[in-house]
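So the structure is just underneath, and the comments pick up after that.
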There are 2 protein chains.
Amino acid sequence: MKTDIAELLIKIPIFASLEEAEIKEIESLSHEKVFAANANIFWEGDAADWFYIVIDGKVKISKLTSNAREIVLSFFSRGEIFGEVAVLENGPYPASAQAVDASRLIGIRKADFWSFLLKHPAVALKIISLLSGRLREAQNRLRDLAGERVEQRLARLLLRLSDKLGAILPFTRQELSDMSGTTTETTIRTLSQWKDQGIISSVRGKTTITDEKKLRKLAEGRDS
Amino acid sequence: MKTDIAELLIKIPIFASLEEAEIKEIESLSHEKVFAANANIFWEGDAADWFYIVIDGKVKISKLTSNAREIVLSFFSRGEIFGEVAVLENGPYPASAQAVDASRLIGIRKADFWSFLLKHPAVALKIISLLSGRLREAQNRLRDLAGERVEQRLARLLLRLSDKLGAILPFTRQELSDMSGTTTETTIRTLSQWKDQGIISSVRGKTTITDEKKLRKLAEGRDS
DNA sequence: CGCCTATTTGAAAACCGTCAAAGTATGTGG
DNA sequence: CCACATACTTTGACGGTTTTCAAATAGGCG
């Protein structure tokens with residue numbers, strides 16, 4: 001399935017500017033890896049040897065709190081990269097990665113990727129943009145977590161997710177809670193209210209935004 | 001004071017690997033700017049034309065919540081850079097910057113810096129490391145804010161600050177609150193307890209860690 | 001000395017987490 | 001195809017942490 005990989009690589013923004021020969025070079029550094037649903041990819045604190053690109057599936061990046069609560073930093077799917085922080089900074093992975101669904105990944109060795117970057121400044125600049133975007137988002141979330149109430153945090157989370165994924169959000173209440181730093185019960189209570197108000201609808205494992213306008217008002221802190 | 005600038009530049013990690021001629025090049029792109037205490041440098045949402053290096057003084061990076069509470073993302077002093085996210089990602093500044101003390105800064109135009117990076121991949125890689133480090137720290141703070149109690153958040157904040165600044169922390173209770181996402185009153189109550197237990201001491205505008213070991217235990221969540 | 005800012009303390013209330021229990025989909029094995 | 005296990009969703013009650021509001025004290029600077 002090697003051709004498959006080249007086709008995927010060229011669609012990824014950070015590699016989009018590359019010539020065919022360079023894509024081939026990346027491809028030669030790639031190791032395809034398959035993980036079953038719920039399998040662990042790496043743990044926070046592990047030595048960081050690989051960085052990854054998602055071919056298929058869904059990967060969860062998370063950290064644990066001191067009382068074993070899980071905080072989800074992000075979910076990644078087709079075409080997205082993760083594990084970049086550790087690889088680019090020399091240190092252990094700062095968070096854990098787990099395959100939520102059965103997933104196929106491309107792994108590239110840290111050293112290989114680093115020398116590739118040295119030879120391809122344009123890709124390095126793309127990486128800079130990517131990191132900047134992630135940093136910007138992390139800072140927005142910091143503001144939300146530090147200063148906003150649960151209702152606003154949830155509203156903003158749903159909006160952020162739907163920017164990326166569309167109106168149908170494939171997450172359980174549990175996962176939404178772990179992403180917004182609250183508990184399952186509180187999330188359910190809040191979303192139930194919204195369901196009554198026609199702002200969202202939901203089935204097991206999925207939530208659909210039906211009235212984005214109202215949700216956006218809630219996210220701003222004014223009431224509906 | 002131009003020579004002054006060259007000497008500072010060469011001490012900054014991201015430029016440390018440069019030849020004299022290249023330092024000179026950066027220097028030629030530099031514009032020295034002076035801000036009085038409490039002066040605003042840029043606002044969140046402003047068009048991002050400049051990125052900055054601190055020569056002297058103290059700069060606060062913050063965002064506002066929907067109810068006008070201020071969340072401090074970081075403080076920067078001599079030798080540190082800020083405003084990099086916007087400049088490297090094409091968008092407005094994601095946060096506001098304000099001079100806390102009277103400050104001297106080097107400003108470099110976005111376009112100038114970007115073309116410099118294209119010519120100097122080694123500097124680009126340094127920037128990648130810097131961004132990775134900031135992202136890692138932001139993720140740690142996310143975990144703290146989402147999952148830990150105020151006491152632990154404050155303990156970790158003090159420890160993080162003292163890693164960077166030493167045992168004497170030049171911040172008011174108000175600033176510590178804004179950094180840890182809590183209120184002045186709660187911060188005072190917590191720090192007062194710690195003062196009674198001999199973990200810290202403080203005078204107006206300054207807090208000193210006197211028993212780092214105990215503080216570290218508090219940060220872990222076990223009690224003292 | 002007087003003003004402004006930082007620190008402190010108290011009391012009440014809100015928000016949200018915790019605990020407990022039950023209902024409802026989904027899939028699997030018999 | 002049904003029964004059962006599992007995971008997800010839901011609801012209620014209670015209590016703790018933290019915010020909010022109010023007011024007083026103290027330090028530093030002109």
Side-chain angles (χ1 to χ4, degrees), chain A residues 36-38 58 60 65-72 98 100-102 144-155 157 169-197 200-208 218 221 223, chain B residues 36-38 60 65-72 98 100-102 144-155 157 169-196 200-208 218 221 223:
Chain A
N38 297 315
K58 187 160 105 176
K60 178 176 76 181
T65 68
S66 57
N67 20 277
R69 231 156 66 83
E70 184 173 35
I71 305 297
V72 173
Q98 189 187 10
V100 178
D101 304 334
D144 292 352
L145 284 172
E148 310 291 1
R149 307 238 159 259
V150 165
E151 187 176 53
Q152 286 168 59
R153 297 213 301 266
L154 275 169
L157 173 66
L169 306 174
F171 298 102
T172 65
R173 305 289 144 114
Q174 167 91 255
E175 289 171 331
L176 293 173
S177 312
D178 292 341
M179 282 188 271
S180 59
T182 181
T183 58
T184 313
E185 293 92 332
T186 300
T187 301
I188 284 170
R189 279 185 246 270
T190 306
L191 295 200
S192 295
Q193 272 184 33
W194 292 351
K195 209 193 275 190
D196 295 345
Q197 298 170 36
I200 60 164
S201 68
S202 74
V203 297
R204 171 178 258 242
K206 265 182 221 158
T207 300
T208 306
L218 287 170
D223 37 51
Chain B
N38 298 314
K60 178 176 76 181
T65 69
S66 57
N67 20 276
R69 228 155 67 84
E70 184 172 35
I71 304 297
V72 173
Q98 190 187 9
V100 179
D101 303 333
D144 292 352
L145 284 171
E148 311 291 1
R149 294 266 123 104
V150 165
E151 188 177 51
Q152 285 169 60
R153 297 212 301 268
L154 275 169
L157 173 65
L169 305 174
F171 298 102
T172 65
R173 306 287 144 114
Q174 168 90 254
E175 289 171 331
L176 293 173
S177 312
D178 292 340
M179 282 188 270
S180 59
T182 181
T183 58
T184 313
E185 294 90 333
T186 300
T187 300
I188 283 169
R189 280 184 246 269
T190 306
L191 295 200
S192 295
Q193 273 184 35
W194 292 350
K195 209 193 278 190
D196 293 345
I200 60 164
S201 68
S202 75
V203 297
R204 171 178 257 241
K206 266 183 221 157
T207 300
T208 307
L218 287 169
D223 37 50

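In what follows, every chain begins at residue 1, and chains take the letters A, B, ... in the order their sequences are listed. What you are looking at is a predicted structure, and each value in this text was computed from that prediction instead of being measured.
Looking at Thr187(A) and Thr184(A), their side chains never bring a donor and an acceptor atom within 3.5 Å of each other. Inspection of the Thr207(B) and Ser202(B) side chains reveals no N or O donor paired with an N or O acceptor under 3.5 Å.
Going from atom CG of Asn38(A) over to atom P of dT6(D) covers 14 Å, rounded to whole Å. Rounded to an integer number of Å, the gap from CG of Leu145(B) to P of dT19(D) is 11 Å. Rounded to whole Å, the distance from CH2 on Trp194(A) to C1' on dT10(D) is 17 Å. We find that CD1 of Ile200(A) is positioned 13 Å from C1' of dT10(D), with the value rounded to whole Å. As rounded to whole Å, 16 Å separates atom P of dT18(D) from atom CD1 of Ile188(B). When the C1' atom of dC16(C) is taken as reference, atom CZ of Arg69(A) falls 11 Å away, rounded to whole Å. Summarising the geometry, the separation between CG on Asn67(B) and P on dT19(D) is reported as 12 Å, rounded to the nearest angstrom. The distance between atom CD of Glu151(B) and atom P of dT19(D), rounded to the nearest whole Å, is 13 Å.
Along DNA chain D, the nucleotide nearest to Ser202(A) and the one nearest to Arg149(A) differ in position, and the one closer to the 5' end is contacted by Ser202(A). Comparing Glu185(A) and Glu148(A) by the nucleotide of DNA chain C that holds the closest heavy atom to each, the one mapping nearer the 5' end is Glu148(A).
Between dC8(D) and Thr172(A), no contact under 4.0 Å exists linking OP1 or OP2 to a side-chain N or O. Residue Thr186(A) has no polar side-chain atom (N or O) positioned under 4.0 Å from OP1 or OP2 of dC16(C). Applying the 4.0 Å criterion to OP1 and OP2 of dT11(D), one finds that Ser192(A) has a side-chain N or O inside that range. Side-chain nitrogen and oxygen atoms of Arg173(A) include none within less than 4.0 Å of the OP1 or OP2 phosphate oxygen of dT11(D).
The side chain of Arg189(A) lies closest to dG12(D), out of dA11(C), dG12(D), dT18(D).
Residues Met179(A) and Ile71(A) form no side-chain contact, since every pair of their non-hydrogen atoms from C-beta on lies 4.5 Å or further apart. For the pair Gln152(A) and Leu218(A), the minimum side-chain heavy-atom distance is 4.5 Å or more. A heavy-atom distance below 4.5 Å is found between the side chains of Thr183(B) and Arg69(B). Leu191(B) is listed as a side-chain neighbour of Leu176(B), based on a closest heavy-atom distance under 4.5 Å.
Summarising the geometry, atom OG1 belonging to Thr182(B) is positioned 11.5 Å from atom CD belonging to Glu151(B); distances are rounded to the nearest 0.5 Å.
Residue-level contact check: Thr182(B) touches the backbone only, with heavy atoms under 4.0 Å from sugar-phosphate atoms and none from bases. Counting non-hydrogen atoms under 4.0 angstrom, Thr184(B) reaches nothing in the nucleic acid. Among the heavy atoms of the strands lying under 4.0 Å from Lys195(B) are primed sugar atoms or P, OP1, OP2 only; no base atom is included.
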Grab the N/O contacts between the protein and nucleotides 24-26 of chain D below 3.5 Å, and write none if there aren't any.
none

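Between Glu175(A) and Lys60(A) no salt bridge is recorded (no basic side-chain N to carboxylate O distance below 4.0 Å).
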